[in-house]
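See below for the structure under consideration.
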Amino acid sequence: MEKAIIELKILDYSEYTGPRYVIQGDHSGEDYYHTKLNQSFYSALKAGKKLVVDLDNTAGYLSSFLDEAFGNLVYDFTHEIVIKNIDIVSNQEPDWREMIFKKVFPDWEKRRIQKDKVRITANHQEWIRLRDGEYKSAIWIQQE
Amino acid sequence: MDTTGVVFSFPSTSDWISITDIIVTAGIGIWIGVTVQRNFAISRSVKDYFILESQEIREQYRIFLNDLFQHKSSSKNIKEWFKVMTLKISVFEDFLKCELRVNPEVLIVHNRFKQFLTETEEFNDQYGADTFKITNNIKQSVLEIHREYLCALASIVIDINKSRRQRRRKKSRK
């Protein structure tokens, strides 16, 4: 049976998304992940629903914004859990959806397994991560 | 002495067959001439339209790269330009595939260029700057991608000229 969905539009966050990191500019991928995506994904998981993220109707993206935002999701929740519980809508630029599923998710899963360091460039509130089979909230990495 | 003149006599059956044959042959010839020429004219004008559109896209890319190499564009402007061009090329290719059965590859190259440039550290570090100063390393990669892009556009023009227009099936009336 198809899961119910929770929709999240990046347009509601900003029409003008930014670069990868907070120190590089406003509305970054890092900021989007920590202020919106991490918590929204966790809420959908808890509710047994699928999170559908809509990329359309913004003024465009840097691939690094999407890489940082969606990559961190895999790093914190694992590839297996993310692909079962997320979908991405990108009718205006379908290549972004393909990039996220075929490149970003697998790349960050490798980084997660190898325990590669993730860069944080600002102070963030606690965020959710799967640790020892449980979802826990903490400030997992300090700002560099 | 008999005056000879044209005496009209009613055509025989074989005469009718010959007359009909002449009329039908002439009619078919005229129909072919008009219809085929008309279809050719329509087909040629459709092809010319797509060729013009591909030249327009090439020109927009030329201007974009010029501005990029002369440090006239900001990262923000570049990002927005990429989105606009993605939409434009996508619509162009959809119609091309539908009307002329051509399989273009311009969008694939365009998307690769977009993803490559906007992923670079330099591009992200300079996101807030008034203009993006492209480095030599990136420039070389951009030139290589642009070469592929020009090949894809040239292939489109060749394929358009070789193609035949798709026949549209008439929808059945209920």
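Chain A is the first sequence line, chain B the second, and so forth, proteins listed ahead of strands; every chain is numbered from 1.
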Shared hydrophobic cluster for B:Ile145 and B:Phe123 (ILVMFWY, side-chain gaps under 4.5 Å):
yes
Using the rule that Ile, Leu, Val, Met, Phe, Trp and Tyr join whenever any side-chain heavy atoms are under 4.5 Å apart, tell me whether A:Leu62 and B:Leu87 fall into a single cluster.
no
What donor-acceptor contacts under 3.5 Å connect chain B and chain A, backbone and side chains included?
from: B:Lys79; atom 1: NZ; to: A:Thr17; atom 2: O; distance (Å): 2.6
from: B:Lys83; atom 1: NZ; to: A:Thr58; atom 2: O; distance (Å): 2.8
from: B:Lys83; atom 1: NZ; to: A:Gln92; atom 2: OE1; distance (Å): 2.6
from: B:Lys114; atom 1: NZ; to: A:Glu93; atom 2: OE2; distance (Å): 2.8
from: B:Lys114; atom 1: NZ; to: A:Asp95; atom 2: OD1; distance (Å): 3.0
from: B:Lys114; atom 1: NZ; to: A:Asp95; atom 2: OD2; distance (Å): 3.1
from: B:Gln115; atom 1: O; to: A:Ser63; atom 2: OG; distance (Å): 2.9
from: B:Gln115; atom 1: NE2; to: A:Asp95; atom 2: OD2; distance (Å): 3.1
from: B:Thr118; atom 1: O; to: A:Ser64; atom 2: OG; distance (Å): 3.2
from: B:Thr118; atom 1: OG1; to: A:Ser63; atom 2: N; distance (Å): 2.9
from: B:Thr118; atom 1: OG1; to: A:Ser63; atom 2: OG; distance (Å): 3.1
from: B:Glu119; atom 1: N; to: A:Ser63; atom 2: OG; distance (Å): 3.4
from: B:Glu119; atom 1: OE2; to: A:Lys103; atom 2: NZ; distance (Å): 3.3
from: B:Asn124; atom 1: OD1; to: A:Arg20; atom 2: N; distance (Å): 2.9
from: B:Asn124; atom 1: OD1; to: A:Ser64; atom 2: OG; distance (Å): 2.5
from: B:Asn124; atom 1: ND2; to: A:Ser64; atom 2: OG; distance (Å): 3.1
from: B:Asp125; atom 1: OD1; to: A:Gln24; atom 2: NE2; distance (Å): 2.9
from: B:Tyr127; atom 1: OH; to: A:Thr17; atom 2: O; distance (Å): 3.0

Check whether A:Val82 and A:Phe101 end up in the same hydrophobic cluster, where Ile, Leu, Val, Met, Phe, Trp and Tyr are linked by side-chain heavy atoms less than 4.5 Å apart.
yes
Do you reckon A:Val52 sits in the same ILVMFWY cluster as A:Val104, going by side-chain contacts under 4.5 Å, direct or chained?
no
Would you say CZ of B:Phe69 has more than 12 non-hydrogen atoms from neighbouring residues, nucleotides or ligands within 6.0 angstrom?
yes
Output all residues satisfying side-chain contact (heavy atoms from CB on, under 4.5 Å) with B:Gln140, sequence neighbours left out; order by chain, then residue number.
B:Leu143
